[in-house]
2 protein chains.
Amino acid sequence: MIKLSNLADYAVELMCCIALKPQDVHSSAGLSDLAHIPLPTVSKILGTLVRAGLLASHRGLNGGFSLARPADKISITHIIEAVDGPVQLTNCLGEEASDCDRESNCGTRSQWYRINEAVKDALGSVRLSQMIESVPDFIGDGAMDDLPLIAKTLN
Amino acid sequence: MIKLSNLADYAVELMCCIALKPQDVHSSAGLSDLAHIPLPTVSKILGTLVRAGLLASHRGLNGGFSLARPADKISITHIIEAVDGPVQLTNCLGEEASDCDRESNCGTRSQWYRINEAVKDALGSVRLSQMIESVPDFIGDGAMDDLPLIAKTLN
DNA sequence: TAGAAATCATACCAAATTGGTCATTTTAAA
DNA sequence: TTTAAAATGACCAATTTGGTATGATTTCTA
């Protein structure tokens, strides 16, 4: 199953919690309660997000975390890459062309590149501000009809 | 780092090797040599692909594997999902709405859905036949100079 | 101004997934 | 009947992931 790591998933969720009240300073403990994620794990993730420049931390009494920039300037890719590292579907796409003495499959590189870009676009096309707006009850049926348009870069 | 599993990566590569000579029956050992992947691993992956209906197996002497359908009827998604399971970026997207008694983040589901679909589209938009076309004789040296732009976004 | 409380930060440990190996059985062609 | 090949299942190692505990830092308050 292709999925994000739990930590990346958590990270997006925590960012959403913070973005809902952008003015407030949110403590790890408070966010842990709100999101039902173990406190130490929250701590670790928030620390990562601070180092990535997505959050600002305020130490000391009444300290906590707040967004480093407006929610519409933060994309899902930013959050995910901060936690999970870059989107790089295949080893082929790394810096070293590595062991590409393989026959028969290097025409695939340009295709892989396309696919990888498309995935990044998909992730990058949604901003944090969008994640928290408009919560239609989407469970069930047609609520998702006006959706994508994404993945248009291909073809 | 967001990446496919090695097995999925290998699977695509093996499928490419087979698709290059669609008439032939390819033995595990031959493919292992060709792709530089350990034989037992090749065996395991090919078995999975057979069960997924992407390959046909021929037992006995001079047996081996061949495509179960034309290369332009097989998408990368087919191969990847056969090995890694469905593309399901977040737990939220699974069948059971699970612990979505979480506050504040369920508006995110419809967004996650969009993102997930886009990723699937990206993977599904490339067919096996495209992966193997235009394979310039790249073995050797500068043959891959015109190859794109790769790893440009990575930094 | 000093101490204490609240909080961030980091180093450490355990468990689960993944990747890879081996040995056995089944099949079919020569 | 012998041989070469696939199919199957159990097994082991290692990386990664998730979680825990402890330590360091800042600010408030007395």
Quiz item: Using a cut-off of 4.0 Å between protein heavy atoms and nucleotide atoms, how would you tag nucleotides 19-30 of chain C 5' to 3' with B, S and -?
Solution: SBB----BBBSS
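As rounded to whole Å, 15 Å separates atom P of C:dT18 from atom CD1 of B:Ile80. Rounded to whole angstrom, the span from the NE2 atom of B:His58 across to the C1' atom of D:dA5 amounts to 12 Å. Note: CG (B:Asp33) to C1' (D:dA5) measures 15 Å, nearest angstrom. Note: CG (A:Leu49) to C1' (C:dC8) measures 14 Å, nearest angstrom. A:Leu55 has its CG atom 10 Å from the P atom of C:dA9, to the nearest Å. The NE2 atom of B:His26 sits 16 Å away from the C1' atom of D:dA6 (whole-angstrom rounding).
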Can you give the donor-acceptor pairs under 3.5 Å from side chains of residues 23-33 of chain A to other protein atoms, not counting sequence neighbours?
residue: A:His26; atom: NE2; partner: A:Lys21; partner atom: O; Å: 3.0
residue: A:Ser27; atom: OG; partner: A:Gly30; partner atom: N; Å: 3.0
residue: A:Ser32; atom: OG; partner: A:Ile37; partner atom: O; Å: 2.6
residue: A:Ser32; atom: OG; partner: A:Leu39; partner atom: N; Å: 3.4

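Taking the side-chain hydrogen bond (donor to acceptor under 3.5 Å, both in side chains) definition, one finds that A:Lys3 meets it with A:Asn6, sequence neighbours left out. Remark: A:Ser5 pairs with A:Asp84 by the side-chain hydrogen bond (donor to acceptor under 3.5 Å, both in side chains) rule, at least two apart or across chains. With sequence neighbours excluded, no residue forms a side-chain hydrogen bond (donor to acceptor under 3.5 Å, both in side chains) with B:Ser129. Listed by chain and number, the residues in a side-chain hydrogen bond (donor to acceptor under 3.5 Å, both in side chains) with B:Ser43 amount to none (sequence neighbours excluded).
An OP1 or OP2 oxygen of D:dA7 is reached within less than 4.0 angstrom by a side-chain nitrogen or oxygen of B:Ser57. Listed pair B:Ser43 / D:dA6 fails the phosphate criterion, with no side-chain N or O lying under 4.0 Å from OP1 or OP2. At D:dA6, one or more side-chain N or O atoms of B:Ser28 fall inside 4.0 Å of OP1 or OP2 (strictly under the cut-off).
Residue B:Gly47 is out of contact with every strand shown, counting any heavy-atom pair closer than 4.0 Å.
Rounded to the nearest 0.5 angstrom, B:Thr48 OG1 and B:Ile79 CD1 are separated by 12.5 Å.
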